[in-house]
Amino acid sequence: MTITIYGIKACDTMKKARTWLDEHGVAYDFHDYKAVGIDRTRLERWVGEAGWETVLNRAGTTFRKLPDADKTGLDAEKAIGLMLAQPSMIKRPVLDLGDRLIVGFKPDVYQAAFG
């Protein structure tokens with residue numbers, strides 16, 4: 001099973017998550033979606049599995065700086081469009097375990113996933 005962690009290299013939460021994985025001997029691939037981007041199919045799968053409300057980082061600076069018109073009337077399709085246009089609006093990290101996703105970083109959730 002290949003584990004992939006998606007996020008942004010310079011993000012503090014990403015650093016904590018990657019440090020946790022490294023310290024617990026969990027091998028993973030890293031995908032920087034700010035540098036490399038993210039494809040619509042993958043983002044739609046994440047939204048289908050976790051919900052757009054979980055995947056869209058509404059607390060981040062990028063989202064908060066959007067015009068009010070972009071922030072109103074949000075639904076899955078509009079959220080996906082915003083995240084494709086500006087991947088830094090995707091909550092970090094997204095950990096793809098192959099059979100499920102973990103969105104965000106909480107040490108106890110990672111511990112439960114990896115034992």
### Query
Got more than 12 heavy atoms from elsewhere within 6.0 Å of NZ, Lys78?
yes
### Separation between SG of Cys11 and NZ of Lys91, rounded to the nearest 0.5 Å
12.0 Å
### Query
Should Tyr110 and Phe30 be regarded as members of a common hydrophobic cluster, given that ILVMFWY residues are connected when their side-chain heavy atoms come within less than 4.5 Å of each other, either directly or indirectly?
yes
### Query
Do Tyr33 and Phe63 share a hydrophobic cluster, counting only Ile, Leu, Val, Met, Phe, Trp and Tyr and linking them when any side-chain heavy atoms are less than 4.5 Å apart?
yes
### Query
With hydrophobic residues grouped by side-chain heavy-atom distances under 4.5 Å, do Val103 and Ile5 end up in a single group?
no
### Query
Roughly how far, to the nearest 0.5 Å, is CG of Leu66 from CG of Asp68?
9.5 Å
### Task
Check the pair Thr62 / Gln86 against side chain to side chain contact (heavy atoms under 4.5 Å, CB included), numbers first and verdict last.
CA-CA 8 Å; Thr62 305; Gln86 297 187 60; 3.0 Å; yes
### Message
Check this for me: does any side-chain nitrogen of one of Arg42 and Glu49 sit under 4.0 Å from a carboxylate oxygen of the other?
### Response
no
### Summary
For Pro93 and Met14 the tightest heavy-atom approach is CB-SD, 3.1 Å
## Note on the structure
Closest non-hydrogen contact found for Ile3 with Val26 is CD1-CG1, 3.8 Å
### Query
So do Arg64 and Arg58 actually touch side chain to side chain, heavy atoms under 4.5 Å?
no
### Task
Quick one: closest heavy-atom pair of Leu43 and Ile38, and the distance?
CD2-CG2, 4.4 Å
### Message
Is it the case that over 12 heavy atoms from other parts of the model lie below 6.0 angstrom from the NZ atom of Lys71?
### Response
yes
### Task
Walk me through it: do Arg40 and Glu77 pass the test salt bridge (Lys or Arg N to Asp or Glu O under 4.0 Å)?
CA-CA 11 Å; Arg40 175 177 280 277; Glu77 190 57 38; 3.0 Å; yes
### Path from Trp46 to Ile102 over hydrophobic side-chain contacts below 4.5 Å
no
### Message
Hydrophobic clusters here meaning ILVMFWY residues chained together by side-chain heavy-atom distances under 4.5 Å, can you tell me if Leu97 and Leu101 are in one?
### Response
no
### Step-by-step side chain to side chain contact (heavy atoms under 4.5 Å, CB included) determination, Val47 to Met83
CA-CA 11 Å; Val47 167; Met83 291 183 281; 4.1 Å; yes
### Query
If we ignore angles and hydrogens, is there a donor and acceptor under 3.5 Å between the side chains of Arg92 and Tyr6?
no
### Message
Any heavy-atom pair between the side chains of Ile90 and Leu56 that's under 4.5 Å?
### Response
no
#### Entry: Atom pair CD1 (Ile8) and OG1 (Thr13), whose distance is rounded to the nearest 0.5 Å
10.5 Å
### Task
Assess whether side chain to side chain contact (heavy atoms under 4.5 Å, CB included) is satisfied between Leu21 and Leu95, documenting all intermediate values.
CA-CA 11 Å; Leu21 293 170; Leu95 189 64; 4.1 Å; yes
#### Entry: Test item: His31 side-chain N/O and Gly37 main-chain N/O as donor-acceptor pair under 3.5 Å
yes
### Query
If you look at every heavy atom in Trp52 and Ala79, which pair is closest and at what distance?
CE3-CB, 3.7 Å
### Query
Where do Gly60 and Asn57 come nearest, in terms of heavy atoms and distance?
N-OD1, 3.3 Å
### Message
Any salt bridge linking Asp96 with Arg45? Criterion: basic side-chain nitrogen under 4.0 Å from a carboxylate oxygen.
### Response
yes
